[in-house]
Amino acid sequence: MRFDVVDSTQRVAFDLADGGAADGTVVVADFQTAGRGRRGRAWHAEPGTSLLASIVVRPSLPVRLLPLLSLAAAVAVAEALVRAGGVAARLAWPNDVVIGGRKVAGILLESRLAAAPLCVVGVGVNVGARRFPGPLAARATSLAIEAGRAPDRDALLDELLRAFVAWRARLEREGFAPVRDRWLALSETIGRTVVRAEGTGVAVGLDDDGALLVRAGGAVHRIVAGDLVEMAGSDLPALD
Ligand code: BTN
């Protein structure tokens, strides 16, 4: 379903799902007045500059594996950006899509665990923006900036949905292994020194539930949620 303006495509998708909307229902808007980002943050984009989409997913997955849908979505976004946008994007854990270290797309997975779990996968891709305000300028980019032109948003959506349907099906049928292999191949995070409040370490892999594995001081630690700051050096205190 297409809208000019909504508060959040996530909210609309959940409402439609509550009213019985089928698995795979897609909500797209030109502008959001209250776009939602991860960890309670806002997601803002000027009207008409972004692909703003939410997909209703009624998953066939154990509840503990639901977060893996966001990794499957990240892989799908990266593939769609190559096919429709002609740009090679990389993945930053947990589910940012970046080009040259700047974020070009974000993914928000929201779930409701009633009798049957319901998920909405939200994707925001910076398509046509030519500049970003304030501190965002150093952290964000768009397809127009990277490729010199903005691809058609419908073509991008088609590629995204095609790739997401395929990767989701593989996740549900074959488990995490194929998605993990593809995510690792596209990863910008693995091999980097990362820092969190607990200290620093080197990202070395993904655990079976999508947690980031970080080696520090001879031990491997799991990071299950949160944001990473990548460091050029490794001269901060170790995690353990
Ligand atoms: C992030 O914080 O990186 C995730 C951002 C997700 C934004 C998208 S835009 C379409 C959908 N609707 C929302 O309100 N949020 C997601």
Side-chain angles (χ1 to χ4, degrees), residues 1-18 21 24-57 66-78 80-81 85 89-99 101-112 118-129 132-133 135-136 138-143 150 153-154 156-161 163-164 168 183 186-189 210 212 223 225-230:
M1 300 186 76
R2 289 176 180 277
F3 298 87
D4 290 337
V5 184
V6 294
D7 51 357
S8 161
T9 55
Q10 295 290 104
R11 197 274 303 158
V12 175
F14 270 114
D15 282 0
L16 290 172
D18 287 343
T25 297
V26 180
V27 177
V28 183
D30 258 356
F31 182 60
Q32 299 181 121
T33 56
R36 313 208 282 242
R38 290 178 52 244
R39 298 168 68 79
R41 290 187 285 245
W43 179 269
H44 180 76
E46 295 301 316
T49 62
S50 296
L51 174 63
L52 307 168
S54 294
I55 309 166
V56 172
V57 178
L66 294 181
L68 302 179
L69 281 168
S70 68
L71 298 173
V75 166
V77 171
L81 295 190
R90 310 282 298 166
L91 303 181
W93 189 88
N95 48 20
D96 287 345
V97 184
V98 299
I99 301 174
R102 293 189 159 106
K103 182 163 169 170
V104 68
I107 291 149
L108 175 66
L109 172 69
E110 296 181 303
S111 306
R112 281 201 201 143
L118 167 66
C119 300
V120 173
V121 176
V123 177
V125 183
N126 301 327
V127 176
F132 292 89
L136 268 185
R139 300 202 309 265
T141 191
S142 73
L143 297 177
R153 283 181 294 162
D154 286 342
L156 181 57
L157 178 63
D158 284 351
E159 293 292 354
L160 169 63
L161 295 177
F164 179 69
R168 173 204 167 176
W183 192 97
L186 291 166
S187 172
E188 173 127 314
T189 303
L212 186 67
I223 298 180
D227 293 326
L228 300 173
V229 180
E230 290 188 5

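We number each residue from 1, following the sequence as shown. Indexing begins at 1, ligand by ligand and atom by atom, following the structure's order.
- Taking a cut-off of under 4.0 Å to the non-hydrogen atoms of Ser8, the atoms of ligand 1 that pass are 12 (N), 13 (C), 14 (O).
- Taking 4.0 Å as the cut-off, Lys103 counts as a neighbour of ligand 1 on heavy-atom distance.
- With rounding to the nearest 0.5 Å, the separation of CG in Asp154 from CD in Glu159 is 12.0 Å.
- Looking at Ser70, its side chain never comes within 3.5 Å of a backbone N or O of Leu109 through a donor-acceptor pair.
- Looking at Trp93, its side chain does come within 3.5 Å of a backbone N or O of Gly210 through a donor-acceptor pair.
- Not a single donor-acceptor pair under 3.5 Å links the side chain of Asp30 to the backbone N or O of Pro47.
- Residue Ser54 approaches ligand 1 through these ligand atoms, each under 4.0 Å from one of its heavy atoms: 11 (C), 12 (N).
- In the vicinity of Arg36, heavy-atom distances shorter than 4.0 Å reach the ligand 1 atoms 5 (C), 6 (C), 7 (C), 13 (C), 14 (O), 15 (N), 16 (C).
- Every atom of ligand 1 with a heavy atom of Gly35 under 4.0 Å away is listed here by number and element: 14 (O).
- Contacts of Gln32 with ligand 1, taken as heavy-atom pairs under 4.0 Å, involve the side chain alone.
- Put simply, the side chain of Arg38 never gets that close to the backbone of Ile107: no donor and acceptor are under 3.5 Å apart.
- Contact atoms of ligand 1 toward Gln10: 11 (C), 12 (N), 13 (C), 14 (O), 15 (N) (distance under 4.0 Å to a heavy atom of the residue).
- Side chain of Arg139 to backbone of Arg102: no donor-acceptor contact under 3.5 angstrom is found.
- When only non-hydrogen protein atoms are considered, atom 2 (O) of ligand 1 lies nearest to Arg38 N, 2.7 Å.
- Near Ala53, the atoms of ligand 1 lying under 4.0 angstrom from a non-hydrogen atom of the residue are 10 (C), 11 (C).
- Among Leu156, Leu160, Asp96, Leu186, the one residue that satisfies the side-chain contact (heavy atoms from CB on, under 4.5 Å) test with Val77 is Leu160.
- When all heavy atoms are compared, the tightest approach of Ala150 to Gly128 is CB-CA, 3.9 Å.
- For Ile107, every heavy-atom contact with ligand 1 shorter than 4.0 Å involves the backbone, none the side chain.
- The protein non-hydrogen atom at the shortest distance from atom 5 (C) of ligand 1 is Trp43 CE3, 3.3 Å.
- Judged by distance alone, with hydrogens and angles left aside, the side-chain atoms of Gln10 form a donor-acceptor pair with the main-chain N or O of Gly122 at under 3.5 Å.
- At a 4.0 Å cut-off, not a single heavy atom of Arg41 sits close enough to ligand 1 to count as contact.
- Each of the following atoms of ligand 1 lies closer than 4.0 Å to a heavy atom of Thr9: 10 (C), 11 (C), 12 (N).
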